[in-house]
Number of protein chains: 2
Amino acid sequence: MSTSIREVARKAGVSTATVSHVINETRFVAEKTRQRVIDVMTELDYTPNFAAKTLRSQKTFTIGLVLPDISNHFFTSVVKGIEQHLDQKGYQLLVGNTDENVDVEIEKIKTFQAQQVSGIILASSAENYEEIEPYLNQETPTVFIDRIPHGANVDYIAVENEKAVYGAVQRFIDLGHQQIGMITGISKLSSTQERMNGYRRAIEHSQLQLDESLIYTGDSKFEGGYKAAQQLLKNTGITAMFVANNLMTIGAITYLKEQKVKIPEDIAIIGFDDYEWAKITDPPLSVIKQPTEEIGEKAAEILLSRSHVPALETESFLLPTKLIQRSSC
Amino acid sequence: MSTSIREVARKAGVSTATVSHVINETRFVAEKTRQRVIDVMTELDYTPNFAAKTLRSQKTFTIGLVLPDISNHFFTSVVKGIEQHLDQKGYQLLVGNTDENVDVEIEKIKTFQAQQVSGIILASSAENYEEIEPYLNQETPTVFIDRIPHGANVDYIAVENEKAVYGAVQRFIDLGHQQIGMITGISKLSSTQERMNGYRRAIEHSQLQLDESLIYTGDSKFEGGYKAAQQLLKNTGITAMFVANNLMTIGAITYLKEQKVKIPEDIAIIGFDDYEWAKITDPPLSVIKQPTEEIGEKAAEILLSRSHVPALETESFLLPTKLIQRSSC
DNA sequence: ATGAAAGCGCTAACAC
DNA sequence: GTGTTAGCGCTTTCAT
């Protein structure tokens with residue numbers, strides 16, 4: 001049992017109100033009294049009880065983060081940005097993994113709300129907003145990252161997916177490629193669809209023919225990329241391919257290497273998401289780099305501002321990406 | 001303001017005690033009453049207030065995780081294991097990043113304890129146990145992972161570092177290498193020292209001469225690996241090198257590639273930590289693979305068992321590693 | 001410039 | 001089989 005505010009008050013010869021006020025700097029306390037209280041606190045090694053504080057004030061100073069895959073480097077890097085901002089503001093971070101499962105996602109959201117988190121950052125696996133909307137209560141500000149369910153009018157931080165992919169495919173076209181494969185992620189996600197749109201638009205704006213058979217839907221994991229590359233190689237005559245996420249890029253290249261396909265001579269590749277590893281692959285990978293930590297920081301920033309002053313209107317931030325040219329295209 | 005247990009009780013025509021008992025299944029309630037209470041709860045969409053529960057019961061069902069670098073894939077993968085186990089047991093996960101800073105680490109520990117977490121999982125950056133021991137209170141079970149401060153007699157989950165590196169260096173020796181470089185991590189960490197010992201022992205047990213100039217201490221980050229490789233190449237005649245963590249491995253190889261050093265012909269390499277990426281590097285990387293998710297799961301398991309039944313004696317688990325042979329040696 | 005005290009929502013000992 | 005109620009440790013209103 002740790003010491004309570006009452007003990008501190010007694011030992012310092014003041015009321016609990018005064019102790020509370022010196023802790024929170026919430027009303028004036030004479031310097032002499034203040035110092036005495038502080039001394040007693042350090043002497044007793046007093047730490048305020050968090051649960052009591054929360055129960056009374058209805059403020060937890062913790063935010064909940066719901067993620068589809070915490071071991072994916074993209075998200076991890078976002079977490080780092082979030083943690084940084086939160087730490088600086090004295091907030092705690094609660095993390096939940098969903099494995100892209102909407103039911104699990106809903107469970108985590110509910111639990112976080114029962115904990116009265118100050119806000120939630122959510123990379124949702126829901127296709128439509130209605131699936132999760134009933135579980136998002138009004139009092140808990142929520143900001144979405146990376147993907148956004150259809151029909152959601154919410155605060156949202158992501159990147160310019162369409163523009164990014166448009167640029168990458170444009171690069172392929174400039175290089176003279178005519179058959180450009182596309183390996184996309186889980187199809188219901190907005191991020192996937194935006195990336196697809198970037199691909200389509202780039203093809204359409206060129207004199208090339210859009211060929212649906214060059215598009216392969218993966219599962220956003222290693223396996224999906226591997227299989228997609230396999231299918232694309234067997235069934236089409238592509239000379240270039242764009243892969244819409246990091247894990248799938250590794251999978252696709254793994255297959256290509258197994259088949260002794262030369263990159264970029266036989267097949268040129270551009271992947272999504274950067275990582276130090278991409279510098280030492282064979283060949284070094286050209287990728288679209290997302291400002292991952294910034295996504296996290298911005299999300300945390302918006303969320304905290306919402307929890308202080310409720311939003312009048314929702315905001316979206318689409319951060320710019322960067323095409324990093326190495327040797328795979 | 002969400003509905004309270006009192007409202008539920010009133011609407012169901014029972015006492016708060018009964019409601020509490022149906023929620024927690026903590027004493028018998030007649031089926032009819034039980035059903036009525038449940039109906040009212042769903043009708044009102046009632047969720048117990050977490051803070052009140054915690055304040056009263058002194059149980060949070062959340063555990064705190066303190067990590068040096070949440071964006072390092074090794075830790076991320078450990079987190080996944082932890083989350084999995086915790087989720088299954090209905091526990092929450094609070095995460096804190098320290099950037100290898102002991103002061104930050106202490107802050108996080110203190111905060112977690114103020115929150116009365118049920119336990120802490122700690123990858124400490126402290127060299128000696130005394131640095132953090134004063135902040136670890138008796139009531140909060142703590143299990144250490146990956147590294148352990150000197151002089152700590154605590155629950156601990158890690159891998160057989162010494163044995164792992166011994167095996168890797170042995171492999172180099174079997175291959176005929178005589179000048180084997182070693183790039184180690186932050187020197188105060190137990191994991192670093194154990195890996196160093198594996199290197200030393202392997203050299204000593206062979207007919208080779210231990211040459212301290214072949215050992216270079218990095219910072220466990222990309223930069224450290226890069227610089228270490230640079231120094232080793234300039235100043236020594238190594239034909240092989242062991243790199244004691246994943247980020248440094250990438251750094252070292254990046255430098256080697258810049259210098260057009262051929263791997264493994266000019267320099268053979270074995271790294272620490274596996275990742276899908278390692279399959280597609282140039283050349284595919286031979287590495288020591290740690291059972292990362294298992295480390296997390298085991299840590300969570302031990303921690304929860306401790307929080308139910310205090311430990312009589314501390315336990316250590318050193319999980320086995322695996323040398324994965326690809327083409328870099 | 002400070003204190004007294006109510007009450008946040010829950011659990012559990014005690015009572016019947 | 002269920003109810004009454006004290007009290008967990010804090011914040012904050014009202015008083016002085």
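Predicted model only: the values in this text are computed from it and were never measured. First the proteins, then the strands, lettered A, B, ... as listed; each starts at 1.
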Atom-pair distance ([atom1] on [X]; [atom2] on [N]), nearest Å:
{"X": "N49(B)", "N": "dG7(C)", "atom1": "CG", "atom2": "C1'", "result": "13 Å"}
{"X": "E25(A)", "N": "dT12(D)", "atom1": "CD", "atom2": "P", "result": "14 Å"}
{"X": "R36(A)", "N": "dG3(C)", "atom1": "CZ", "atom2": "C1'", "result": "14 Å"}
{"X": "Q113(B)", "N": "dG9(D)", "atom1": "CD", "atom2": "C1'", "result": "18 Å"}
{"X": "I5(B)", "N": "dC8(D)", "atom1": "CD1", "atom2": "P", "result": "19 Å"}
{"X": "Q116(A)", "N": "dC8(C)", "atom1": "CD", "atom2": "P", "result": "13 Å"}
{"X": "R56(B)", "N": "dT5(D)", "atom1": "CZ", "atom2": "C1'", "result": "10 Å"}
{"X": "L55(A)", "N": "dC8(C)", "atom1": "CG", "atom2": "C1'", "result": "4 Å"}

> Which comes earlier along DNA chain D counting from the 5' end, the contact point of A30(B) or that of K59(A), where each point is its nearest nucleotide?
Replying inline: A30(B)
Side chain of [X], backbone of [Y]: donor and acceptor closer than 3.5 Å?
{"X": "N24(B)", "Y": "S20(B)", "result": "yes"}
{"X": "T140(B)", "Y": "N137(B)", "result": "no"}
{"X": "D99(B)", "Y": "N101(B)", "result": "no"}
{"X": "E105(A)", "Y": "S124(A)", "result": "no"}

> Is the closest side-chain donor-acceptor distance between H150(B) and Q193(B) under 3.5 Å?
Replying inline: yes
Among [options], which nucleotide sits nearest the side chain of [X]?
{"X": "T33(A)", "options": "dA4(C), dT11(C), dA1(C)", "result": "dA1(C)"}
{"X": "V29(B)", "options": "dT2(C), dT2(D), dC10(D)", "result": "dT2(D)"}
{"X": "A17(A)", "options": "dG3(C), dG9(C), dT11(C)", "result": "dG3(C)"}
{"X": "N24(A)", "options": "dA1(C), dT11(D), dG3(C)", "result": "dT11(D)"}
{"X": "R27(B)", "options": "dC8(C), dG9(D), dG3(D)", "result": "dG3(D)"}
{"X": "S57(B)", "options": "dT11(C), dT4(D), dC10(C)", "result": "dT11(C)"}

> So, is S4(A) near the phosphate of dG9(D), with a side-chain N or O under 4.0 Å from OP1 or OP2?
Replying inline: no
>> Closest-nucleotide mapping onto DNA chain C: is T16(A) or F50(B) further toward the 5' terminus? I mean the 5' end.
In response: T16(A)
